[in-house]
*Asks:* 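My questions all concern the structure below.
For the numbers below, each heavy atom of this structure counts, side chains included, while hydrogens, waters and symmetry mates do not. Below, chains carry the letters A, B, ... as their sequence lines are ordered, and counting in each starts from 1.
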Amino acid sequence: MMNNKQVSALLNQLADLLELKGENPFKANAYRRAARAVENSRVALDELEKGPEELPGVGKGTAAAIRGIMETGRLEALDQLLEELPSGLPELMNIPGLGPKSIHLLNRELGVENKEQLEEALKQGKVRTLPGFGEKKEKKLLDGIQRMKRFTRHLLIHGLTVAETLRERLAEHPEVLQVEPAGSLRRMKETVKDIDLVVATKHPETVAETVVSMPEVIRVINQGSTKVSVLLRMGWEIQVDVRLVEPDQFISALHHFTGSKEHNVRFRQRAKEFGWKVSEYGIHDEDHEETFTFATEEEMYQKLQLPYIVPELREDRGEMDHQAEDLPQLIRAEDYRGDLHMHTRWSDGSASVREMALAARERGYEYIAITDHSRSLKVAGGLTPDDLKRQREEIDAVNEELDGITVLAGTEMDILPDGTLDFPDRVLKELDLVIASIHSGFKQDEETITQRVLNAVKNPYVHIVAHPTGRLLNRRDPYAIDLDRVFEAAAKTGTMLELNANPNRLDLNDRDLKRAKEAYGLNVTINTDAHSPEMMDFVRFGVATARRGWLEAGDVINTYSLEQLRQRLDYIRRNK
DNA sequence: GCCGTTTTCGGCCCGACTGTTTTCAGTCG
Ligand SMILES: Nc1nc2c(ncn2[C@H]2C[C@H](O)[C@@H](COP(=O)(O)OP(=O)(O)OP(=O)(O)O)O2)c(=O)[nH]1
Ligand SMILES: [Mg+2]
Ligand SMILES: [Mg+2]
Ligand SMILES: [Zn+2]
């Protein structure tokens with residue numbers, strides 16, 4: 001059975017191929033819109049009451065196509081196109097400067113079917129004879145073939161570091177009046193393609209010159225009077241887009257450049273209903289030849305009679321269709337009172353229990369849980385039941401010594417490849433907090449892995465399942481797991497699912513968090529999985545991802561007082 | 001292909017940069 005994500009991927013691929021074939025781009029976009037609706041749907045496709053056409057942007061045609069996928073696993077229109085189009089054509093889209101129109105032309109006029117043939121045609125000087133092509137484009141494409149577009153996006157944490165460096169540097173420039181990061185970075189998306197910066201200045205050319213002459217610049221991608229893009233080497237290669245505007249346009253430009261694209265489109269459509277036109281320069285009233293500029297983004301939303309929407313929600317995942325009172329009061333960093341997943345030198349951490357407790361108290365936390373690995377995770381120095389007893393004594397001593405922080409004795413216990421748990425119930429029941437998680441057998445099939453996790457969820461002593469999909473951003477895909485069944489079981493048993501705040505994980509992700517809350521009413525727990533005191537800083541990414549998942553403080557048990565937390569932990573065990 | 005408190009047909013967000021062109025198309029953000 002295909003899940004929503006797989007169906008969405010097929011529809012997106014169909015859109016790409018339609019465009020390559022030279023079809024109406026609006027038609028391709030219609031499939032993209034449908035693909036997004038499928039991916040963002042809180043309900044699985046086979047459980048939509050009236051079928052796929054319930055989703056916005058899915059009409060008769062696409063609904064039929066989706067039904068076909070659900071029945072046969074194939075998208076017929078896509079299969080046909082794959083048959084019809086040369087298999088090397090789609091990858092040409094990854095050459096910078098080449099789009100569907102040019103590829104179509106190259107294929108039709110020169111018979112180019114892949115990048116090798118394109119290179120040959122370029123070298124033979126055939127390409128420059130085509131309308132719209134010339135010498136410069138020939139050179140640019142030869143260049144571009146060597147340097148296909150990069151696919152690995154940057155971790156948010158790395159993007160934020162680079163952005164902060166650039167922001168500080170530009171802020172010192174005498175002609176720079178204001179500078180702010182925008183784009184996916186400002187929306188705190190888990191990975192970013194590039195760094196987008198908005199600058200207010202009276203002298204854009206001067207600032208642009210400063211940008212392109214920074215020592216880290218490898219290449220100037222383009223440079224005009226209002227925007228400049230450069231490739232930087234900051235330990236690794238990263239693209240930076242700087243948008244330069246007049247001071248009074250700063251807010252409109254920041255809003256535009258923060259996106260997302262899809263949110264911008266909805267925002268602009270909305271403005272058209274008032275007879276206005278939105279661009280990065282403001283909101284323009286065409287009848288009265290008047291352009292409004294703004295002092296705050298709040299005013300921009302107000303102008304369109306919309307509630308203010310924070311950057312993290314600007315993904316067109318429903319935020320434009322809510323009244324002010326229906327938008328969530330998102331969780332804030334200040335709401336967070338304690339971290340329930342961390343490691344010490346007892347396993348693979350770098351600090352002692354006491355050091356972790358002191359660092360947590362320093363952060364203003366009320367409690368933490370020490371959750372070292374269990375015996376089967378030998379590479380991480382997993383603890384035996386005997387170790388746990390001795391560690392409990394150490395934790396008791398730290399609790400005795402320190403005021404203002406409470407340390408819970410816990411474990412991060414392996415869910416073994418055969419689906420059993422690494423400790424028997426009699427060991428677990430002595431612990432204040434039990435986390436279960438998968439660290440092996442990632443390649444097993446969906447049914448096997450789902451059953452392993454369900455075993456843990458149903459165990460009467462397990463409070464939390466950590467990093468439920470096992471993904472490592474840019475490194476390892478999520479293992480095959482049926483999250484809907486896990487969500488259902490979590491709702492029934494009360495077992496919590498984690499949002500692991502490690503910037504390499506952010507697992508559960510924003511979409512799944514939203515679905516877990518809206519379709520299953522789940523609460524979650526945000527934890528850093530810190531292996532050192534500094535790593536507790538990762539909570540920032542956890543809270544940001546929770547906000548992107550539309551979560552409020554009440555949805556996250558780490559906002560509870562110690563008293564409330566203990567009650568919840570008790571409740572989970574009594575309920576099972 | 002989808003959609004409709006002015007529409008069941010004719011739009012579908014809007015602008016910058018580049019390279020080609022002598023007024024604009026394609027790509028990208
Ligand atoms: N109105 C409009 N705005 C766009 C469009 N494409 C991009 N933008 C705006 C919104 C984006 O957030 C912003 C920056 O573009 P990027 O390509 O860098 O995308 P973004 O940063 O959102 O994601 P990324 O992680 O870079 O892929 O520019 C578009 O087609 N229309
Ligand atoms: Mg970006
Ligand atoms: Mg960008
Ligand atoms: Zn851990």
*Asks:* Which whole-number value in Å describes the distance from A:Glu262 CD to B:dC14 C1'?
*Replies:* 15 Å

*Asks:* Check whether any side-chain N or O of A:Ser225 sits under 4.0 Å from OP1 or OP2 of B:dC17, and answer yes or no.
*Replies:* yes

*Asks:* Tell me, which pairs form a side-chain hydrogen bond (donor to acceptor under 3.5 Å, both in side chains) where one or both residues lie in residues 230-240 of chain A, sequence neighbours left out?
*Replies:* A:His154-A:Trp236, A:Gln239-A:Asp241

*Asks:* A:Phe294 vs A:Phe292 aromatic rings, parallel, tilted or perpendicular, using cut-offs 30° and 60°?
*Replies:* tilted

*Asks:* Can you tell if the side chain of A:Met300 reaches within under 4.5 Å of the side chain of A:Phe267, non-hydrogen atoms only?
*Replies:* yes

*Asks:* Of the residues in residues 106-135 of chain A, which ones touch DNA chain B at a heavy-atom distance under 4.0 Å?
*Replies:* A:Gly132, A:Phe133, A:Gly134, A:Glu135

*Asks:* Scan A:Glu319, A:Glu262, A:Glu297 and name whichever one has a salt bridge (charged side-chain N to carboxylate O under 4.0 Å, His left out) with A:Arg314.
*Replies:* A:Glu297

*Asks:* Students often mix this up, so state it plainly: with edges at 30° and 60°, are the rings of A:Tyr301 and A:His263 parallel, tilted or perpendicular?
*Replies:* tilted

*Asks:* With rounding to the closest Å, how many angstrom separate the P atoms on B:dA16 and B:dT21?
*Replies:* 23 Å

*Asks:* Restricting to side-chain hydrogen bond (donor to acceptor under 3.5 Å, both in side chains), what partner residues turn up for A:Lys202, sequence neighbours left out?
*Replies:* A:Glu246

*Asks:* Using the C1' atom on both, measure B:dT20 against B:dT27 and round to a whole Å.
*Replies:* 13 Å

*Asks:* Pull out every residue in residues 287-312 of chain A that has a heavy atom closer than 4.0 Å to any atom of DNA chain B, ordered by number, or say none.
*Replies:* none

*Asks:* Would you find a donor on one side and an acceptor on the other, under 3.5 Å apart, between the side chain of A:Ser213 and the backbone of A:Glu209?
*Replies:* yes

*Asks:* Using a heavy-atom cut-off of 4.0 Å across all strands, would you classify A:Phe267 as base, sugar-phosphate, or nothing?
*Replies:* nothing

*Asks:* With sequence neighbours excluded, tell me which residues meet side-chain hydrogen bond (donor to acceptor under 3.5 Å, both in side chains) with A:Asp482.
*Replies:* none

*Asks:* From A:Lys126 NZ over to A:Leu106 CG, what is the distance, rounded to the nearest 0.5 angstrom?
*Replies:* 12.0 Å

*Asks:* Any heavy-atom pair between the side chains of A:Pro181 and A:Asp196 that's under 4.5 Å?
*Replies:* no

*Asks:* Which pairs, protein N/O on one side and nucleotides 4-6 of chain B N/O on the other, fall under 3.5 Å?
*Replies:*
none

*Asks:* Quick one: do the A:Arg511 and A:Asn40 side chains pair a donor with an acceptor below 3.5 Å?
*Replies:* yes

*Asks:* Ignoring backbone atoms, test whether A:Thr62 places a side-chain nitrogen or oxygen under 4.0 Å from the OP1 or OP2 oxygen of B:dC2.
*Replies:* yes

*Asks:* Are side-chain heavy atoms of A:Glu446 and A:Ile481 found at a separation under 4.5 Å?
*Replies:* no

*Asks:* Paired with B:dT8: which nucleotide, if any, by Watson-Crick or G-U wobble criteria at under 3.5 Å for both distances?
*Replies:* none

*Asks:* Measuring only the P atom in each nucleotide, how far is B:dC9 from B:dC14? A whole number of Å is fine.
*Replies:* 24 Å

*Asks:* What is the distance, to the nearest angstrom, from the NZ atom on A:Lys137 to the C1' atom on B:dA25?
*Replies:* 8 Å

*Asks:* Expressed in whole Å, how much space separates the C1' atoms belonging to B:dG19 and B:dC2?
*Replies:* 35 Å

*Asks:* Heavy-atom distance under 4.5 Å between the side chains of A:Leu244 and A:Lys227, does that happen here?
*Replies:* no

*Asks:* My understanding is that only residues two or more places apart in sequence, or in another chain, count here; which of them pass ring-ring contact (aromatic ring centres under 6.0 Å, His included) with A:His467?
*Replies:* A:His439

*Asks:* For a quick test of your reading: what N or O donor-acceptor pairs under 3.5 Å do the side chains of residues 20-30 of chain A make, sequence neighbours left out?
*Replies:*
{"residue": "A:Glu23", "atom": "OE2", "partner": "A:Lys27", "partner atom": "NZ", "Å": "3.1"}
{"residue": "A:Asn24", "atom": "OD1", "partner": "A:Phe26", "partner atom": "N", "Å": "2.9"}

*Asks:* In whole angstrom, give the distance that lies between atom NZ of A:Lys140 and atom C1' of B:dC28.
*Replies:* 9 Å

*Asks:* What is the distance from CD of A:Glu205 to C1' of B:dA16, rounded to the nearest Å?
*Replies:* 13 Å

*Asks:* Atom NZ of A:Lys136 to atom P of B:dG19: distance rounded to whole Å?
*Replies:* 5 Å

*Asks:* Mind checking the C1' distance from B:dT8 to B:dG4? Whole angstroms is fine.
*Replies:* 8 Å

*Asks:* For the atom pair OG1 (A:Thr545) and CG (A:Asn509), what is the distance rounded to the nearest 0.5 Å?
*Replies:* 8.5 Å

*Asks:* Tell me which residues in residues 34-43 of chain A put a heavy atom below 4.0 Å from DNA chain B, sorted by number, or none.
*Replies:* none

*Asks:* For A:Gly99 and A:Gly59, take the nucleotide of DNA chain B holding the closest heavy atom to each; which residue's nucleotide lies nearer the 5' end?
*Replies:* A:Gly59

*Asks:* Given B:dT27, B:dT18, B:dG29, which nucleotide is nearest the side-chain atoms of A:Lys101?
*Replies:* B:dT27

*Asks:* What is the separation between atom CD on A:Gln223 and atom P on B:dT18, rounded to the nearest whole Å?
*Replies:* 8 Å

*Asks:* In whole angstroms, how far is the C1' atom of B:dG19 from the CG atom of A:Leu141?
*Replies:* 11 Å

*Asks:* Identify, residue by residue, the members of residues 65-88 of chain A with a heavy atom below 4.0 Å from DNA chain B, and return them in order of residue number, or none.
*Replies:* none

*Asks:* Counting just side-chain N and O atoms, does A:Ser102 come under 4.0 Å of either OP1 or OP2 of B:dT27?
*Replies:* yes

*Asks:* Just checking A:Arg243: base, sugar-phosphate only, or nothing, at a heavy-atom cut-off of under 4.0 Å?
*Replies:* sugar-phosphate

*Asks:* Any side-chain heavy-atom pair from A:Leu118 and A:Leu92 closer than 4.5 angstrom?
*Replies:* yes

*Asks:* If you assign A:Gln239 and A:Ile221 each to the DNA chain B nucleotide with the nearest heavy atom, which residue ends up on the more 5' nucleotide?
*Replies:* A:Ile221

*Asks:* For atom CD of A:Glu83, is the number of surrounding heavy atoms from other residues, nucleotides or ligands below 6.0 Å larger than 12?
*Replies:* no

*Asks:* Side chains of A:Thr201 and A:Leu177: closer than 4.5 Å at any heavy-atom pair?
*Replies:* no

*Asks:* I'd like a table of atom pairs between the protein and nucleotides 9-13 of chain B - only N or O on both sides, under 3.5 Å - with the distance next to each one.
*Replies:*
{"residue": "B:dC12", "atom": "OP1", "partner": "A:Lys272", "partner atom": "NZ", "Å": "3.0"}
{"residue": "B:dC13", "atom": "OP2", "partner": "A:Gln269", "partner atom": "NE2", "Å": "3.3"}
{"residue": "B:dC13", "atom": "O2", "partner": "A:Arg268", "partner atom": "NH1", "Å": "2.8"}

*Asks:* Only counting residues at least two apart or in another chain, list the ones meeting side-chain hydrogen bond (donor to acceptor under 3.5 Å, both in side chains) with A:Arg270.
*Replies:* none

*Asks:* Separation of A:Leu55 atom CG from B:dC3 atom P, in whole Å?
*Replies:* 10 Å

*Asks:* Between B:dC12 and B:dC17, how far apart are the two C1' atoms, rounded to whole Å?
*Replies:* 24 Å

*Asks:* Rounding to an integer number of angstrom, what distance separates B:dT18 and B:dC13 when you compare their P atoms?
*Replies:* 25 Å

*Asks:* Classify the side-chain pair A:Asn502/A:Asn500 by whether it contains a donor and acceptor separated by less than 3.5 Å.
*Replies:* no

